[in-house]
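Structure first, commentary second.
Both counts, for ligands and for their atoms, begin at 1 and track the order of listing. All values reported here derive from a predicted model rather than from experimental measurement. The figures here come from the full heavy-atom set of this structure, side chains too, leaving out hydrogens, waters and symmetry mates.
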Amino acid sequence: MRSRLFFLTLLLAGLTAAAAPVHITTPRTSLVLQAEQGAPLRYLYYGARLTDGDAAALEAAGFRGQDALPAYGQGNITLTAIAATHADGDMTLDLALENWSTRTIHADADRMHAAEDAVLTEFILKDRVHPFTVKVCYKAWQDVDMIETWTEITNGDKKPVLLRKFDSACLPIRRGQVWASHLTGTWANEGRLVQEPLQPGVLKIENKDGVRNSHTSHAEIMFSLDGKPSETTGQVIGAALCYSGNYLLETVTNDTDWHRFFAGIHPDDSAWELEKGESFRTPELAFTWSAEGTGGASRNFHRWGRAHKLAHGDKERKILLNSWEGVYFNINEPTMDKMMADIAAMGGELFVMDDGWFGVKYPRNIDNSSLGDWQVDERKLPHGIQWLVDAADSHKIRFGIWIEPEMTNSKSELYEKHPDWVLNAPGRPLSEGRGGTQLVLDLSNPAVQDFAFGIVDELMTKYPGIDYIKWDANMPVQSHGSHYLKDQRKLFIAYHRGFAAVCDRIRAKYPDVTIQACASGGGRANYGILPWFDEFWVSDNTDALQRIYMQWGTSYFFPAIAMASHISAVPNHTNRRVTPLKFRIDVAMSGRLGMELQPKDMTEREIEQCRKAIAEYKEIRPVVQFGDQYRLVSPYDGLGLASLMYVTEKKDEAVFYWWKTEHYYDQHLPRVKMAGLDPNRRYKVTELDRIGEALPFEGQSFSGAFLMENGLEIPTTPNGYAEQVAMQGYSSRVLRLTAE
Ligand code: GLA
């Protein structure tokens, strides 16, 4: 659909004397702002797409404008999105609209993102006393229901201004029966869904790790406006702060009719002195609206994510074997070669050599040394990286490699040479992380940025055959101090600007390489990093049962194509749980499928089962990776099972997943109704990863209407191999639906 922006005045650009609603639209949503010259910019409406007439009649309907960017000090004291101290000590801001403009951005297709038009509307607000300008920007995509908003703050004064708060946006949400859905967790238990009603007070979601910003809280939230969240019905507003660093998302409920949602870079421990003429751009807050419940809002995030955020969102991901859980640091040529041969024989397409391949003076045998010394350890790999790239080639697969460019260890040649490159309060003892020696490099320093870029540049220049990079980041900022920065208040923000600058350089030169964001597992699942990264590692915990919960939560905001999901060995290396291979395959197949084990420890039958599953995944890969997701039964509802499905846009193919999450005698699992199908078409059902007798409906056809109104009776007990049957608690089924 082409861009449309309706102006409800007769004027084409914003020189408005009276309150003039500005109507910003996406295919199914409207955002209406009051743009009155000399007054604050006011938010009037966000929701279902309006006609011009209804948008113009909002005030007649009693809707009253809410400050779109409450500024601190003059009028607003308690709830503010932006705060600054001027050179004369004045701590207040009073922002009034000067003018606004709108234009269509004709996106050029780069090699990583789709080209689609967006409409950019910019409002210029000026302080009434100081030469201080804030541009409030709204970028409304015309192919998906997503609006991105951010601000650009400019100091026009001769002397510096200190920014103390710098939210990307404030979104007023009308009170009623509003519930919030958001994600929480920790290492090895990321992306856990929390749903709670908004109560008077503050719902505070924040992260101050400095590096890994999604282990605990996530920078995304959904508001279900019509009571307890439903996957299918009710209006939902979803928002994602697209930022790789520290953030604060606050939903404040006070004595007014509004919840006020503020989102931005965390103001704690950070401030930015803005020099004369300097501009400060805040990260985008992307927001969406759907009347189809949380499921509808998620599908909007997924479509937008694939089209406009994550790198190569329109390209199928390869099926890979990662060496980490298989061999940990025990890298050597014969082992790597054998793993490549094994994954190739199972139908995999890529092998990723994880940690342990580098370090000359200090070999990387455990996690207490060598980060920064990115030279191959020839004791382990005498023929170097090219030999591995060639070996992969001979196995007809591709080769990928693990690096951790933002880090070093005190036991490394890099640290010996550049002790001032690490973040640590000058004059204080080193505060070391992983392995007792890890340190974060100071990416605010351009020399360190060059170094980090150089790691990738050198690998890619020397070995252009490298197809995939796993970019890890395994510790937080533990000591607040940069040897480079004069103003330590800038540290957290400057670090992430440096990180962005490095990523920009890498992508400008290497647009095609696949890059995974890993940060001690799922520490970097956020839209701030995805423009440069193809996917993220959901968690170091690969236990299939816990993954059901983690992947479920993560899918609220992120598409399956971005979620790396690997089959691993049992007992699971994190929680020691033993689950049948079928269960592990059936969970991993619902995301970007990979393996994370030592194939040589598998039995012939297990290898054959994986080979078959990989072949089947290839057939459903476009459905999983590009289809619409429908979450059917939530594991969080405690019904003893979880179920979801993916359906193509054309509704001609679907994949249905059913996983049992609990097991006890006298258990009565519900029959699962499907969703997203065409009621008028008939779908043939075939079981994937089938290891036992055929289900009664194998090869049978049913109408979409029947499947959505009734569903199929899935046996609650597994059949197949003896060990599968013995582990009744972990029954699972994957069904492929093909329209006739
Ligand atoms: C982190 C990652 C793992 C693995 C190790 C290697 O913990 O999350 O997947 O790459 O580092 O040291």
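- For ligand 1, the atoms lying closer than 4.0 Å to a non-hydrogen atom of D355 are 6 (C), 12 (O).
- The part of C518 lying near ligand 1 is the side chain, judged by heavy-atom distances below 4.0 Å.
- Between F301 and F557, the ring planes are perpendicular. Angles over 60° get that label, and only those under 30° would be called parallel.
- Between the side chain of N474 and the main chain of S520, a donor-acceptor pair closer than 3.5 Å is present.
- Residue contacts with ligand 1, taken as heavy atom pairs separated by less than 4.0 Å, involve R434 solely via side-chain atoms from C-beta onward.
- Residue G521 has at least one nitrogen or oxygen atom sitting less than 3.5 Å from a nitrogen or oxygen atom of ligand 1, judged on distance alone.
- Each of the atoms 9 (O) of ligand 1 lies under 4.0 Å from some heavy atom of W537.
- Within a 6.0 Å sphere centred on NZ of K618, heavy atoms belonging to other residues, nucleotides or ligands number more than 12.
- A cation-pi arrangement is present between R631 and Y556, with the terminal nitrogen or guanidinium carbon under 6.0 Å from the aromatic centre and inside a 45° cone about the axis.
- Among all non-hydrogen protein atoms, the one lying nearest atom 9 (O) of ligand 1 is K470 NZ, 2.8 Å.
- Close approach of ligand 1 to D540 is summarised as follows: ligand atoms under 4.0 Å from at least one heavy atom of the residue are 2 (C), 3 (C), 7 (O), 8 (O), 9 (O).
- Inspection of the S634 and Y549 side chains reveals no N or O donor paired with an N or O acceptor under 3.5 Å.
- Remark: ligand 1 atoms within the under-4.0 Å shell around heavy atoms of D354 are 4 (C), 6 (C), 10 (O).
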